[in-house]
Amino acid sequence: MSEAARPVQFRGGGFKPGMRRGTGLAVFILLIAMIEWGTRAGWISNLTLPRPSDVGLTFVDLWQTGLLWDHLLPSLGRLIVGTLLGVTAGIGVGVLIGLFTYIRAGLVPLVAAMFPIPKIALLPLFVIWFGIGEGSKYALIALGTFTPTVVAAYGAVDNVDRTLIRMGQSFGLSWISIVRKIVLPGALPGILSGMRVSVAIGIILLVAAEMLGAEFGIGAYILQAGSLYDLERLFAGVVILSALGVLTSWAIGMIERRVLRWRV
Amino acid sequence: MSEAARPVQFRGGGFKPGMRRGTGLAVFILLIAMIEWGTRAGWISNLTLPRPSDVGLTFVDLWQTGLLWDHLLPSLGRLIVGTLLGVTAGIGVGVLIGLFTYIRAGLVPLVAAMFPIPKIALLPLFVIWFGIGEGSKYALIALGTFTPTVVAAYGAVDNVDRTLIRMGQSFGLSWISIVRKIVLPGALPGILSGMRVSVAIGIILLVAAEMLGAEFGIGAYILQAGSLYDLERLFAGVVILSALGVLTSWAIGMIERRVLRWRV
Amino acid sequence: MVVLEDLSLTILAGRITCIIGPSGCGKSTLLRLFGGLERPSEGQILQSGEAPAGCLNPLTYVFQDFALLPWRSVAGNVSLVLEDHGVRGATRHDVIADVLARTKLADFHDALPKQLSGGMKQRVAIARALAVNPAVMLLDEPLSALDAQTRELLMDDLIALWTRQPFTGIYVTHNLAEAARLGHQIVVLSRRPGRLRDVVELALPLTDRHPGQADLEALQTRLWELMREEAEAADQELSHV
Amino acid sequence: MVVLEDLSLTILAGRITCIIGPSGCGKSTLLRLFGGLERPSEGQILQSGEAPAGCLNPLTYVFQDFALLPWRSVAGNVSLVLEDHGVRGATRHDVIADVLARTKLADFHDALPKQLSGGMKQRVAIARALAVNPAVMLLDEPLSALDAQTRELLMDDLIALWTRQPFTGIYVTHNLAEAARLGHQIVVLSRRPGRLRDVVELALPLTDRHPGQADLEALQTRLWELMREEAEAADQELSHV
Amino acid sequence: NTQIKVGALRFTSHAASFVAFERGYFAEDGLDVSFEFFQAAQPMAVAIASGDADYAVTAVSGGLISLAEKGTAKVIGGALSEEAGIDGQKILASNAAFEAGLTRPAALDGKSFAVTQAGSSFHYMGSKIAGAEGAKVSFKPLQKVGAIIGAMKSGQVDAWSIVPHIAKPMAASGAMHIIGDVADYLPNYQVTTVFTSAANAGNERAKTESFLRAFSKGAADFNAALVDKTAGEEAAEEMVKLIHKYVYTDRPYEKAAPSIRNGAMRINADAALNMASVEDQLNWFKSEKLVKDSITTETLVDGSYAEIVS
Ligand SMILES: Nc1ncnc2c1ncn2[C@@H]1O[C@H](COP(=O)(O)OP(=O)(O)OP(=O)(O)O)[C@@H](O)[C@H]1O
Ligand SMILES: Nc1ncnc2c1ncn2[C@@H]1O[C@H](COP(=O)(O)OP(=O)(O)OP(=O)(O)O)[C@@H](O)[C@H]1O
Ligand SMILES: [Mg+2]
Ligand SMILES: [Mg+2]
């Protein structure tokens, strides 16, 4: 080529933020180090935040006395049973709403009206309805996880590719086959991603549930620490819940990767 | 054509549930009528559920005494300010996470860890941090709406069609133009649908927020009714919150229809 | 909205009928009517004669976007349409193996749809249609989601399949070249509401047709002249969504 | 992964260069390299000479999927690429009116993309590209998302635009008919890693080419023979997603 | 043996039940007792109504009165009382308010007063104290004692009243100031009462009497050991150890003991009920429109079990 041949300038790339492994951890460590320093140096008052090392000691203590398991196991039980109840019922109702006109027309407004009801407001009623035992705790968590699951499930059914359903019909598949082999697997990704939110809500509701006459449980532990204004224990409890949330979200991610391998 | 010409049998249709206007209302009315009957006939004890007509009377009373506004206005103020703070900050942080690798890597784990922390557990801390005045109520609602907004916002930015961004680059648009004219409008639908959830959470958190030294407010009203086991007032309050939730969701729907007219 | 009007058509058994027409004229609707997926507000679709022996689903579609279940393997997708008709065990296994072999998919038995190229996906959809031994194959622009080269390859495959065992086909397309290559009878529809514009019969056997053949090119040019104006109008239409 | 290998190409100013090759051979990647949207791991892309006067964006794309902003009207989409280059007020208005007129879109000034047919959408994308007065137009399968009839119509439009005011074009396609109709020079690539298979020069002026023309058909057949095997292999490839 | 469930909070004021259980008084009366522990008094009242617990001791709260009005709960006896000469509940001022002049309850006018919930005993006490001093006070519901302590320490509320074993260490640590005694304003205040479900009170007379008998024995032991201190130091020590099984279990004995001793207030002998105080409380709730006007003491109290004093 003749005169002045310049290379083409690069102008693409970007707008595709990736994850840098370790940065998250670094931010956590930095944050904790800052607080530790602040609480030691005194520019963070001990009323504002506990010293992270003290929270750590509380953990060690919880672990050594075995109290960790005494609190964690009942909470896990409540979380699992409650979420299982709520999610199962939610998926059932959600799929029905996704399939039948009259169920949809009748229940969608009901679910929409239930969604913004704060579950803690109903605590006194739950005692009457389900007693002060495990029943009311299960019920509270189940109710809290039910509504978001319903919404996610019927959204997922709505999003199933209609051409796949028409295909099923065109091959003379029975209604139940279409639901079982096309609608349900097609709705699975949406349902699973809704479950992430539902489980997080279940964890949040643990504290509310354990307001109801629970002696053991992470929620009860947090409440007790709060009422004694014992920040170390309060934070220890909060860290446990947060870890639980991250863990379950990771577990659902694993399930997704396994079950939804077919996704592009 | 010759022999036995049979019409083709119809086998399509279905799997497309619509909304029947009125069915939802009918279900509500039926439900309320049932409860009214049950409480009158006695097969629903007055401990279990209040008589719907009594709840109605409580409403009338609230209205006539002007107490409705005394409770509703402060709550609305808290909801608006808190949600606005939380949603604004959430959109800001979410968009940053959607655009920059290091912000994403640093903040996503933090947000994921914050998500399952029950906000009521932090009430004692909030008293110290923000006082028992309006500050802590705004902060609680803001914190509760912040995390889901962040997640929705960065998901929305991630979902912006990358070919549109490449198009912008190929025409030599500046980075800021691409963000302002392509990324932000493209993320709007996702952000708005995330706001639905955020506002619902804001309403749910009203009760928790008004646990802290609020004399007036729907949440305070509900809490008081709960502690007095006054089911009529409890339900009246819950109905108000639920109506508020349905109303805001409807309002966001209206905004969506206006702002997102371009959607297919 | 009236989509099709005043339309009377006879489909010939054992031959391929191509239906062409401008965008939105109702070709897909017509095909859905044929297959019983849509109910006509007036008029009726009649089928005469008996379905061949071993026919599980007389009116069988091949869709433009393949309509494969992404969570099932190639074999699983074919299996799907056999399961409901009570074909089980070794028989099912044999049918699947047979149709996969006929569509050159034997090596892809366990592949997931996401691993396949567009052409391969459409071959799976054709294999699935063949598995139920249809009396009539209803093909709705089966090649238009594919790139031009793959389209060529699949046209050859379809001709080979038909030559081996002639089937009754109704083939909807925009592509005049496809119609000229595959049709024994070409039905031209007008703009919406779709009416019958013309029916062209082609005597030349499928195997004797080749891309670039002069008489086929002439036919294409004639068809294009018949439709150009309407295609332009259809293109310019504003939809009021 | 090596996508393109050992490739050296010269693009002629004022002419249309068509690039054809089997699926996944790296045509789009090559075009992205040309436009500076991708960075080569080895080798370089050089541009020589000066951009014409009034050229706002020397290397300008037309994408297969139109890449229109759905929230902007037809005029707004064209305006987008002018705003950043400081074209304002009456000038901008005039440029928009001019390019819309040239692409037969004057009546669709305020329509939203969702209201337009595919052909119209691609016309908007072409108008937008014309608005910045590019030195080189980079077209990545601009017609393959359209139906066959609209494709014909747009090909005619492109020829008309080029005839009125010749531009340098690099036109990637799968479609041999398009290449034969629009290319002054046809570059044939091999399978991945894409290497240069052949470069065919066509002297016949664009306006003298017609669908169904015998020599063009012969060229197409020749190209198809060159590529058929590779297209088949590309089709059969399993992706390991 | 009859199975019964007793609702309790882990407070020294519930010690009578713990003593009766540990020393076998319940068993002697043919009762097989299991405890249900609660975090707050309010759910305990609801639990009695729902049948999840049979007997419990708690303050006369709005919730309890509402449940009584619904015909599900009855007060059958008295428990904790304010009594002249014995350390009772204290009125506290935050440091900030104290420095600003809130050194006596008389200076409460215009100040804020912390309560857990509207209609709680704190609300009643604050309201009565303010009434007696002619002060206008705003009440801040903070739900939990912990939240109140936080708000008091940081000076966001001005005043509060609380049992001595919480008040005294707080004052001693300099976090707040004691500015008066509740007993000065509410002499013979019936702080807590024994209550049960209407069904138990009406139809299970024998069982209810057995419970009260055993409960009273526990109360007598408790009073003797820690309130009147007539049983000697050894008995007091033993009593503290017994109570420590239930209260402050997470603290070592050495730290818990002073708190338990400080918290010892008289539990009425034979569960005698101060009707005048109960009536005063009920009237206050009515005047504040927290409960329905139609409620009478007969709805609330079944006076057939315990001695009525005034
Ligand atoms: N689900 C639907 N709802 C409303 N209108 C529809 C629907 N499906 C099709 N139509 C309308 O019916 C008409 C015919 O549609 P049809 O899909 O049969 O046309 P077509 O000839 O197949 O078009 P194309 O060439 O684009 O595939 C169109 O005008 C379309 O707008
Ligand atoms: N974003 C990407 N990430 C990874 N690999 C990619 C990406 N884009 C393209 N490739 C790979 O690079 C190779 C060339 O892709 P390219 O899109 O350039 O091919 P093409 O010739 O345009 O194909 P087609 O005919 O399908 O448009 C392909 O094998 C593809 O798998
Ligand atoms: Mg169609
Ligand atoms: Mg490409």
Side-chain angles (χ1 to χ4, degrees), chain A residues 11-12 15 17-20 23-24 26-28 47-48 97-102 104-110 112-118 120-125 128-129 162 165-166 169 172 178 183 200 203-208 222-223 226 229 231 234 237-238 241-242 244-246 249, chain B residues 11-12 15 17-20 23-24 26-28 47-48 97-102 104-110 112-118 120-125 128-129 162 165-166 169 172 178 183 200 203-208 222-223 226 229 231 234 237-238 241-242 244-246 249:
Chain A
R11 49 182 176 168
F15 292 100
M19 290 301 282
R20 291 273 175 289
T23 318
V27 170
F28 270 111
L47 266 181
T48 313
I97 289 179
L99 290 175
F100 300 106
T101 296
Y102 277 96
R104 161 167 311 212
L107 291 189
V108 166
L110 210 63
M114 271 171 68
F115 205 89
I117 295 179
I120 28 171
L122 302 180
L123 279 183
L125 275 180
I128 298 286
W129 291 351
R162 294 296 120 165
I165 292 175
R166 300 289 163 239
Q169 293 179 325
I178 291 178
V183 175
I203 293 174
I204 291 176
L205 285 177
L206 260 182
V207 172
I222 289 177
L223 287 168
Y229 210 78
L231 290 188
L234 179 69
V238 164
L241 286 190
S242 163
L244 200 60
V246 172
S249 161
Chain B
R11 52 183 173 168
F15 293 100
M19 290 300 284
R20 292 273 174 288
T23 318
V27 169
F28 271 110
L47 266 181
T48 314
I97 288 180
L99 290 175
F100 299 106
T101 296
Y102 277 96
R104 161 166 312 211
L107 290 190
V108 166
L110 211 62
M114 273 171 68
F115 205 90
I117 295 179
I120 27 170
L122 302 180
L123 277 183
L125 271 184
I128 299 288
W129 291 353
R162 293 297 119 165
I165 292 176
R166 300 292 162 236
Q169 293 180 324
I178 292 179
V183 175
I203 293 174
I204 290 177
L205 285 177
L206 262 182
V207 172
I222 289 177
L223 286 169
Y229 209 80
L231 291 188
L234 179 68
V238 164
L241 285 190
S242 163
L244 199 62
V246 172
S249 160

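Chain identifiers are assigned alphabetically (A, B, ...) following the order of the sequence lines, protein sequences preceding nucleic acid strands; residue numbering begins at 1 within each chain. Bear in mind that the values here come from a model prediction, so they are computed numbers and not experimental data.
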Q: Please report the shortest heavy-atom distance between A:Pro118 and B:Val207, naming the atom on each side.
A: CG-CG2, 3.3 Å
Q: Taking B:Ala200, B:Gly226, B:Gly245, B:Gly12 one by one, which has the highest count of heavy-atom pairs under 4.5 Å against chain A?
A: B:Gly12
Q: With a 4.5 angstrom heavy-atom cut-off, which part of B:Phe115 approaches chain A: side chain, backbone, both or neither?
A: both
Q: Can you tell me which portion of A:Arg20 sits under 4.5 Å from chain B's heavy atoms? Options are side chain, backbone, both or neither.
A: both
Q: State which residues pass side-chain contact (heavy atoms from CB on, under 4.5 Å) with A:Ala208; sequence neighbours excluded, sorted by chain then number.
A: A:Ile120, A:Leu140, A:Leu205, B:Ile120
Q: With only heavy atoms counted, which part of A:Ile222 is less than 4.5 Å from chain B, the side chain, the backbone, both or neither?
A: side chain
Q: Counting heavy-atom pairs under 4.5 Å to chain B, which of A:Val27, A:Val183, A:Thr48, A:Leu223 comes out on top?
A: A:Thr48
Q: Which atoms of A:Phe28 are under 4.5 Å from chain B, going by heavy atoms: the side chain, the backbone, both sets, or neither?
A: side chain
Q: If you round to the nearest 0.5 Å, how far is OG1 of A:Thr101 from CZ of B:Phe15?
A: 11.5 Å
Q: Applying the side-chain contact (heavy atoms from CB on, under 4.5 Å) test to B:Pro116, which of A:Val238, A:Ile203, A:Leu241 qualifies?
A: A:Ile203
Q: Who among A:Leu231, A:Ile178, A:Leu206, A:Ile204 has the most heavy-atom pairs with chain B under 4.5 Å?
A: A:Ile204
Q: Relative to chain A, which segment of B:Ala26 carries a heavy atom at a distance below 4.5 Å: side chain, backbone, both, or neither?
A: neither
Q: Count the heavy-atom pairs under 4.5 Å between each of B:Gly98, B:Ser249, B:Ala112 and chain A, then report the option with the highest count.
A: B:Gly98
Q: Any sub-3.5 Å donor-acceptor pair from A:Ser242's side-chain atoms to B:Ile117's backbone N or O?
A: no
Q: For chain B, which candidate among A:Leu107, A:Leu123, A:Leu110 shows the most heavy-atom pairs at distances under 4.5 Å?
A: A:Leu110
Q: Quick check on A:Ile165 against chain B: is it the side chain, the backbone, both or neither that has a heavy atom closer than 4.5 Å?
A: side chain
Q: Checking A:Leu122 against chain B: side chain, backbone, both or neither under 4.5 Å from a heavy atom?
A: side chain
Q: Give the member of A:Leu234, A:Val108, A:Leu244 that has the highest number of heavy-atom pairs under 4.5 Å with chain B.
A: A:Leu234
